[in-house]
Each structure stands twice: as C-alpha cells, then as structure tokens.
Amino acid sequence: MPQIGLVSAVNLRVQGSSAYLWSSRSSSLGTESRDGCLQRNSLCFAGSESMGHKLKIRTTRRLVKDLGPLKVVCIDYPRPELDNTVNYLEAAFLSSTFRASPRPTKPLEIVIAGAGLGGLSTAKYLADAGHKPILLEARDVLGGKVAAWKDDDGDWYETGLHIFFGAYPNIQNLFGELGINDRLQWKEHSMIFAMPSKPGEFSRFDFSEALPAPLNGILAILKNNEMLTWPEKVKFAIGLLPAMLGGQSYVEAQDGISVKDWMRKQGVPDRVTDEVFIAMSKALNFINPDELSMQCILIALNRFLQEKHGSKMAFLDGNPPERLCMPIVEHIESKGGQVRLNSRIKKIELNEDGSVKSFILSDGSAIEGDAFVFAAPVDIFKLLLPEDWKEIPYFQKLEKLVGVPVINVHIWFDRKLKNTYDHLLFSRSSLLSVYADMSVTCKEYYNPNQSMLELVFAPAEEWISRSDSEIIDATMKELATLFPDEISADQSKAKILKYHVVRTPRSVYKTVPGCEPCRPLQRSPIEGFYLAGDYTKQKYLASMEGAVLSGKLCAQAIVQDYELLVGRSQKKLSEASVV
C-alpha cells in the first residue's frame, strides 16, 4: 500500500452566508446530503482518480448559515509506481553493486570535502561498500545547496525551493534505501502556471493517470488552450520530433545552442518560448532561454515525456538537513564512517609526485587518507586548485563552469492567502521563478492561520548585491499581480510579519551553450583524487538528482580503483618506515 500522510490544512470561518464545501462524489471523510451540501462538522473533497483530492469552495448554489470554524485537512497523493521503470531499476542496480561488492580486507579511508548531496552520496555508497569515509563540511549545517536554518522563532528558511520529481531515480532509490519514502509529500500530477495577462488566474497542464507516457504529457498539452494556440502546439510538436526520435545522442548534440535559438531554428514561434520556456528555463537553471543550453531543456522534456510519472512532484515534509541529510549521516556513521562539521578546507597539500597528501583545514590540522574527494561546488574547488594542477587540461576546462547566482525569499504574512494551491507554482514573472505556499505544501511548515511563501528570485545576477529591503519590495510588486485581491505592494492588504532572504552568489553551474565538454569525469588524472557534484559528468545536469548520481559514480570509481589505492597506501607506508 502506498503511504499517505497529512499534508496541510486550512481554517475556514464561514461568516453569515458566505460559503460551503461540496463534493462531486461521496467521501469517507464526510457525509454528503442530496443537494451536494456537507453536513455540519464533516469534511469532503472533490473526487479524482487517486487518493489525492482538491478542496473546492463553492458560493453559487446554496448558502449555509451558522457554520462555525472548520478545519479542512488535505491528503497527500500516493507515491507513484516508480519501482518498475527502467531508470529506477538501473539506479537500484547501481546501488546494489556497493552492497554486493566483496568486503575489502583493508577498508580505505576516503576524505571527502563537502556535505552537500554529492558528498553525502559519495560517503553513503562508499560506506555501503565497506570503506570508511571521513566527510568534512565547512559550515555548521548539512546539505550544501539544500541547507536550511532555524530562526529565533523556530521557523525554518532554506537555500532553495526543492522539488523531488518522479524522474529522479537515484533520489527515489536513496529515500527507499534509507527507509524514508514517507517523507515525500506527493502532489497531484499537474504543472500550474500563473497568467500574467490575467492577474490572479492560473493555467494548468493536468497529466492523466489513465494514460501511459508520452500520451499523458501530449494530452496535457493539447487540453491546455489558455497558454498556446492550436497552430502553436502543432509547430511546437513538429519542432520537438527530432529530439523525441533522435534520443540521447541528439540531446547531447544540442549543447551548443541556446533554447531561444533552437526554437527559432525548428520553426517554433517565439510566443511558445515566452509562454512556456522562460518559466521552465528559470526553474531549471535560474536563467532565461536566451542563455540556457537547449540540452538542459531536452533532458528535462525527455524525462517528463518518456516516464509516466516523470513530471510528478513531491515536497519534502520538513527541513532538508534534518529530514533528508541526517538519515544519510546516521547511515554513514552506523557503518563506521565519520561526518565532521565546521571543518573548512584551506589548502590541498600535495606530495612531491603531485598527488594529494592531505587536506589542510582552517585550524591548521591536516586530514590524511587513502583517497580524496572534492565534493564542494566547482567555484570553491577552483579557488583551492593547487598551482601544479592548473595546466592540466582536465582542470583547465573547469574555468568555463561558473555558478549562477540565485536568491531564495521567504515571506510570512499576517493571514492565510487564498489564491494558491497545494503545489509548486510557476510565476511567469520577470523577477520570480517558482514559488509555493509552504504553510500548505509542507507538513512541518504547516500553519492554519498564516501563509509563508517561499519564492525563487531569478535571474538574480543584477540583484544579488542589493539590500534585503530592495529585494522584498520588488518581490511584493510581483506578488501583487499574483494575488491582486490579497496582496498590494504597499502592504495595505496582507502585511508582512517577517522575511528571510537567502543569497547564493554561486549556485548550480550556469548551463550555457558549450559547457558539456567542460564537465569532468569523477575520476581525475591525479591518482587517488576524485570529484563529485552536480557539475561533474552525469546525465541529470545541475540538480539534486545529478548530485546524488555524481556521488554514486564517484564511489564506483573509487571501488574500482581499490587495488591501486591500497598499493599506493602500502608504498607510502614503506617509504615512511625507511625514512
């Protein structure tokens, strides 16, 4: 049975004769009368094909008086059937190779820099293979790009708005391996876009549960008549045919062209790019389609169109450091590995032959090991790159990989906003990418009386150095369009109780045309030194899925190099004994 958990709730106070709840079918949560009205103190949800249901509020048929405060609890959708998909099975097999590998006679001590998802994944799978990872994190918080902090009021604020897709097979396997599948809150299979030309309104792409891929995606596009006209849909479909027929080789060959240029080359009208792909580009890489490599879009579209549940989304049920990262840490430590916070690397110290001798920390201590992994962002690695390595082509290529700036905004309001969904929303605004009312979508952040909007402010290059107040003022102007009846820029309507602005000057690498050849393999040309992170070579680009897969590939390379690494360690010991 799929696990279903409490997601969210809203308090509705019906004053006089203002509203009532109704359902298109009976529900076990409430009793429906013959005229469609709910009896007092019962709950009901609009019917759908699965256990997830939308709450509907209707005001036109009949008025109900004397209803007191009512708490409506929404139910998560079941976990989709992912376990038999080709990509999931492929990821599961890779995971199993670590558990099934022969136990090493001498476990390797592998020093890993960076406790983001790439470093945590590397350490987890090395521990599964019987080795002893030593994971070093510069800050006092786990997660890297999924880090979060608790403020003085006990509220969490995060580095980014993180969505877990059905098309993330390595992430989904990781949750299963840790026994935390129930921590993902699955939403209805839809993509919901704001309509800038119609303030306060939304347009939806709803994916049928009854159809396989790609038919469910095609039907979702065909049924949406608000964003694209029929001629535009036809031209868009014809333009995508080469990508759908050409497979992975075609997708990789599109790295050298931007989304905007590719669309024009395929005869797709600019309005399609404006209506759909500005929002999609900003959601995938925080930049606009005139900068983003088309390869990035095609990889996402291939996953979404080829896998029935590929575009289905889930939210984590709480803050990422505790709800996702800590279970990985506990797993690592249960197998003899170590995770150390506040361990910032100041220098990569080399041996005479150019290999790594140790990681020197900011407190002056040296951490030695049998192998070394750098799993921090590429921009940090370039700052610490040893002088002796800078002329090596493998490292020279990294110069083109540059993190993109992004800002994550959290705003707590004095009331519950109504014009929102229990879902991720594409704002389609010039300044904002995606947003969600986390007081509805996330169990830990649930609040029945006040909304907390989490918003991705992108592109952020021109804003990253501006003050918090300037960023909040600009955000409120955008929100006034999304919530015209509830929010105004001057706060004459909903008022801000507090806010947090989280800047990441260098986030995921900027996926501009020509980057793909610069992405390094996890095994470097330096014996005993490896890289992990979403910028390294793997098929999911800059994403949580990419970071986890990079860690698995890094761990796989180290396990494959076991004999070499043991030989190096023995040689090092013998040389030390002679001295």
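Any value given below was found using the heavy atoms of this structure, including those in side chains, with hydrogens, waters and symmetry copies removed.
Between R204 and E188, at least one side-chain nitrogen of the basic residue sits less than 4.0 Å from a carboxylate oxygen of the acidic one, meeting the salt-bridge criterion.
One N or O on the side chain of N285 and one on the backbone of Y509 form a donor-acceptor pair closer than 3.5 Å. In this structure a side-chain-to-backbone donor-acceptor pair under 3.5 Å is present from K382 to L401. Distance alone, capped at 3.5 Å, is enough to place a donor-acceptor pair between the T85 side chain and the Y88 backbone.
Residue pairs meeting the salt bridge (Lys or Arg N to Asp or Glu O under 4.0 Å) criterion with at least one partner in residues 323-348, sequence neighbours excluded, are D317-R323. Contacts classified as side-chain hydrogen bond (donor to acceptor under 3.5 Å, both in side chains) and involving residues 106-118 (residues at least two apart or in different chains) are given here: K106-D370. Legend: salt bridge (Lys or Arg N to Asp or Glu O under 4.0 Å) pairs involving residues 116-130, not counting sequence neighbours, sorted by first then second residue: K124-D128, K124-E177.
Under the 3.5 Å distance criterion, with hydrogens and angles disregarded, no donor-acceptor pair is assigned to the side chains of N408 and E158. Residues S190 and D206 bring a donor and an acceptor atom of their side chains to less than 3.5 Å of each other. Looking at N288 and E291, their side chains never bring a donor and an acceptor atom within 3.5 Å of each other. Between the side chains of S311 and H189, a donor-acceptor pair is found at a separation under 3.5 Å. A donor atom on one side chain and an acceptor atom on the other are not found under 3.5 Å apart for E527 and S355. Side-chain atoms of K552 and N170 include a donor-acceptor pair closer than 3.5 Å. Between the side chains of Y168 and R303, not a single donor N or O lies within less than 3.5 Å of an accepting N or O. When only modelled atom types and interatomic distance are considered, T441 and K187 share no side-chain donor-acceptor pair under 3.5 Å.
Between F277 and I297, the closest side-chain pair of non-hydrogen atoms falls below 4.5 Å. Within the 4.5 Å cutoff, side-chain heavy atoms of P242 are placed close to those of Q266. Between T511 and L292 the shortest side-chain heavy-atom distance falls below 4.5 Å. Taking the side chain as every heavy atom from C-beta outward, Y445 and W156 approach each other to under 4.5 Å.
Partner of F165 under the ring-ring contact (aromatic ring centres under 6.0 Å, His included) criterion, out of F315, Y540, F304: F304 alone.
Classification of the Y125-F98 ring pair by plane angle, with boundaries at 30° and 60°, yields tilted. Note on ring orientation: taking the six-membered ring where Trp is involved, the planes of F381 and F395 are tilted (angle from 30° to 60°).
Enclosure of atom CD in E81 is not indicated, since only 12 or fewer non-hydrogen atoms of other residues, nucleotides or ligands lie within 6.0 angstrom.
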